[in-house]
Protein chains: 2
Amino acid sequence: MSRTIRIKDVAEHAGVSVTTVSHVLNDVPGKRINAETRARVKASAAALGYVPNRVARSLRTRRSQVLALISDEIATTPFAGLMILGAQEAASKRGWLLMLVNTGLDPAYEAREIQALLQRQVDGFLYATMYHREVELPDELAGLPVILLDAVSRDPSIPSVVPDEVGGGRTAVEVLLASGHRRIAFLNNRDDIPASRGRLEGYRAALEAAGVGYHQSLVTYDASDSAGGYRAAAAVLDGTARPTALFCFNDRMALGAYQAAAERGLRIPHDLSVVGFDNQEIIADGLRPGLTTVALPHYEMGAWAVDTLIGSIDDNPQNDDRAQVVLPCPLVTRASVTAPGQTPG
Amino acid sequence: MSRTIRIKDVAEHAGVSVTTVSHVLNDVPGKRINAETRARVKASAAALGYVPNRVARSLRTRRSQVLALISDEIATTPFAGLMILGAQEAASKRGWLLMLVNTGLDPAYEAREIQALLQRQVDGFLYATMYHREVELPDELAGLPVILLDAVSRDPSIPSVVPDEVGGGRTAVEVLLASGHRRIAFLNNRDDIPASRGRLEGYRAALEAAGVGYHQSLVTYDASDSAGGYRAAAAVLDGTARPTALFCFNDRMALGAYQAAAERGLRIPHDLSVVGFDNQEIIADGLRPGLTTVALPHYEMGAWAVDTLIGSIDDNPQNDDRAQVVLPCPLVTRASVTAPGQTPG
DNA sequence: ACCCCTCGCCCAAACGATTTGGCAAATCAC
DNA sequence: GTGATTTGCCAAATCGTTTGGGCGAGGGGT
């Protein structure tokens, strides 16, 4: 077992001091080193297979090149994966690593974990929630480099990135309007969160832009799961003046809506067009016909947050892309939308 | 901004040397220190709010108390969350942290990432795949503390943890047998992976134990997604001697099977009982009626792997729980199983 | 011949802990 | 009272880097 080789070994091999090796390998600006020496050092390092000990470097520089992703609940949503993946790949691309901590909504536990991360010289924090919501930054993170991920603070000076719920809602309704639908119901989530507010706003904006009247009776509120979607769809389909299209708050509600439609003998999309939200592959791709839906930019949000966070750490302390950013929600077209049929009302 | 306080500050405050502070705070065995001094040191540390700098400690001890979770594809499966959560919580419980790296099946990239982790003195590795399969350990990890997660090596000396596919398959079929079913079809995955082999073996074992004959015509193979389940179910439901129950390779196939059943006017569970596998909440809980299914122990596998890994690092180098472990797959009962109806064949 | 630059490199002090090997003082044996 | 032990603590080395401040050699100007 050959001993792991240190900078000192490289220095001896190249016949220079460790200082010079460090200067060369790190391309320290303003240091004058002969080109020949420079080459010799690099050759020695390569020959010996030298890799710097990051722990020692961290101790000296007080920088770890490690980011922490703190989240409320990693497990409960299938989006977590994409957000984490976006963050991880962006970090890796720049030579950084990502620590992962799940705090499960317990502030005391959260404080301890932040403590543990700070002990390890973590350079920055991603504070993520697993669905878009408003949060308060924990005191322990105040003043540290941090970006909110899929969450937003009341304090506008805290940078954050969230999906463009309004734009997504508008997109969903626009595709229905473009197919000729005029009676479009919105099966909304009953929780008062940014997603339900924003998507409703987008729904109304799209209708208004198209000169279609907004009817309160076409908007229902229920739980944001399959059962809620089933109930909401049942109510709106059994009501007077049945809509020709459904915009569902999310794909799970759309799943329930499919079931309600099937029970009523309505074929999708011929008798009823449906648009979802979230692009949960398992549902959207698993349903027959495939569900046209609006995707949340989880991967992009994770990547953006890491890029921005690293930027704000590396560059001058406070560059002004500190901001509350909103990322677009693209449409994913499948087969659940077509022109309204001529079935009598 | 008060300077962060070091062990030296504690020493001065308590009127002792840093050596003594270290001895006291780490409860170094075999060191004789007066109880009164001991108390004074602890009081000083508490008063100053001292927390040790882990980076410095790591440099000296060559231990980081950090684990790395390397996975092939974090994002593509919704199980990732639970496995990662299990690992993370187990680590946190012991004061360890978890780094996350996704290598996406690219060996060169994987090697670089492992390099980067080793530079940071990571103490151990979880090498995870996002579905149960056989892997070869990358050379870079050979000889290091590592446990395979949801993966197994041909080399039995490499510890690993995977789900008990055979037992899960048996469980699924047993619940159908117990309800009185005798003609039970198995909609299997066509890929030759441990899950499809194991679940089939469990299916056969359960039938045999119940004295029910195995008929090859009742086992079909297709893609392990919703479309595959739809096709497989259609084939078996339209065949001669229609089964009274379906055991689906996974919940996505079950979703397809539900659709095929609905199209044929078969009510679940009255006309057709269905059991799935994986317990994907979105599907199993979203379907009507809820899908009785077998859960994969992702959380438990993650936790077990971390516990075992830390154990093998902390304790004497090679304690012999190094082994290829299998964890049980529990049944999750919902509403898709009942006694077979009397509908004529 | 003297002074002053610039080049090219190196010394040694951090960074903040752990750990080895001691050394005085107190206690004990006799 | 003397020598041997035990007790309680500390000094200094170490882990592997980075970095601020130098320092000698060589060249150019006068």
Side-chain angles (χ1 to χ4, degrees), chain A residues 2-42 44-45 48-66 95 116 118-123, chain B residues 2-42 44-45 48-66 95 116 118-123:
Chain A
S2 71
R3 214 174 71 313
T4 140
I5 73 126
R6 318 184 294 300
I7 197 175
K8 193 177 172 191
D9 302 318
V10 178
E12 284 167 5
H13 186 274
V16 297
S17 73
V18 296
T19 304
T20 302
V21 175
S22 175
H23 287 339
V24 169
L25 263 28
N26 294 325
D27 271 328
V28 177
K31 291 295 173 180
R32 302 157 306 197
I33 292 161
N34 190 312
E36 193 272 331
T37 309
R38 203 175 277 275
R40 191 153 34 90
V41 168
K42 281 181 176 162
S44 295
L48 298 177
Y50 170 71
V51 288
N53 180 324
R54 297 286 208 141
V55 175
R57 177 186 301 195
S58 291
L59 177 58
R60 181 62 233 246
T61 63
R62 305 167 151 292
R63 284 293 184 78
S64 60
Q65 302 232 109
V66 172
L118 287 173
Q119 284 184 53
R120 265 108 168 174
Q121 298 271 27
V122 165
D123 290 333
Chain B
S2 71
R3 216 175 67 315
T4 139
I5 72 126
R6 316 182 297 298
I7 197 175
K8 193 178 172 193
D9 302 318
V10 177
E12 283 168 6
H13 186 273
V16 297
S17 72
V18 295
T19 306
T20 302
V21 175
S22 175
H23 287 338
V24 168
L25 262 29
N26 295 324
D27 272 326
V28 177
K31 291 293 171 179
R32 303 155 306 201
I33 291 161
N34 190 313
E36 193 271 331
T37 308
R38 203 174 277 275
R40 191 153 36 89
V41 168
K42 282 182 175 162
S44 295
L48 298 177
Y50 170 71
V51 289
N53 179 326
R54 296 287 208 143
V55 175
R57 177 187 301 194
S58 290
L59 178 57
R60 181 63 233 251
T61 62
R62 304 168 153 294
R63 284 292 184 78
S64 61
Q65 302 233 110
V66 172
L118 287 173
Q119 284 185 52
R120 265 108 169 173
Q121 298 272 25
V122 164
D123 290 334

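Chain naming here is simple, since letters A, B, ... match the order of the sequence lines and numbering starts at 1 in each.
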**OP:** Please state whether the phosphate of C:dT18, meaning OP1 or OP2, lies under 4.0 angstrom from any side-chain nitrogen or oxygen of B:Thr61.
**Re:** no
Subject >> Residues from residues 13-20 of chain A lying under 4.0 Å of DNA chain C - heavy atoms >> reply: A:Gly15, A:Val16, A:Ser17, A:Thr19, A:Thr20
**OP:** List the steps and the verdict of side-chain hydrogen bond (donor to acceptor under 3.5 Å, both in side chains) for B:Thr20 and B:Ser17.
**Re:** CA-CA 5 Å; B:Thr20 302; B:Ser17 72; 3.2 Å; yes
Subject >> Note, A:Val66 side chain near A:Arg120 side chain (heavy atom, < 4.5 Å) >> reply: no
**OP:** Could you check which of C:dC15, C:dT18, C:dA17 has an atom nearest any side-chain atom of B:Tyr50?
**Re:** C:dA17
Subject >> Nucleotide C:dT19, atom P - distance to CZ of B:Arg57 in whole Å >> reply: 9 Å
**OP:** Identify whether any heavy atom of B:Arg54 sits under 4.0 Å from a base atom; if not, whether one sits that close to sugar-phosphate; answer base, sugar-phosphate or nothing.
**Re:** nothing
**OP:** For DNA chain D, find the residues of residues 24-38 of chain B with a heavy-atom distance under 4.0 Å and give them by number; none if there aren't any.
**Re:** B:Arg32, B:Ile33, B:Asn34, B:Thr37
Original post:
Is a donor on one side and an acceptor on the other found under 3.5 Å between the side chain of B:Asn34 and the backbone of B:Glu36?
Top reply: yes
Please list each protein N or O that sits under 3.5 Å from an N or O in nucleotides 25-27 of chain C, with the distance.
none

**OP:** Quickly work out the B:Arg6 CZ to C:dT18 P distance and round it to whole Å.
**Re:** 14 Å
Original post:
So does A:Arg60 reach the base of D:dT18 with its side chain, donor to acceptor, closer than 3.5 Å?
Top reply: yes
Original post:
Counting only side-chain N and O atoms of B:Arg63, is one of them less than 4.0 Å from OP1 or OP2 of C:dT18?
Top reply: no
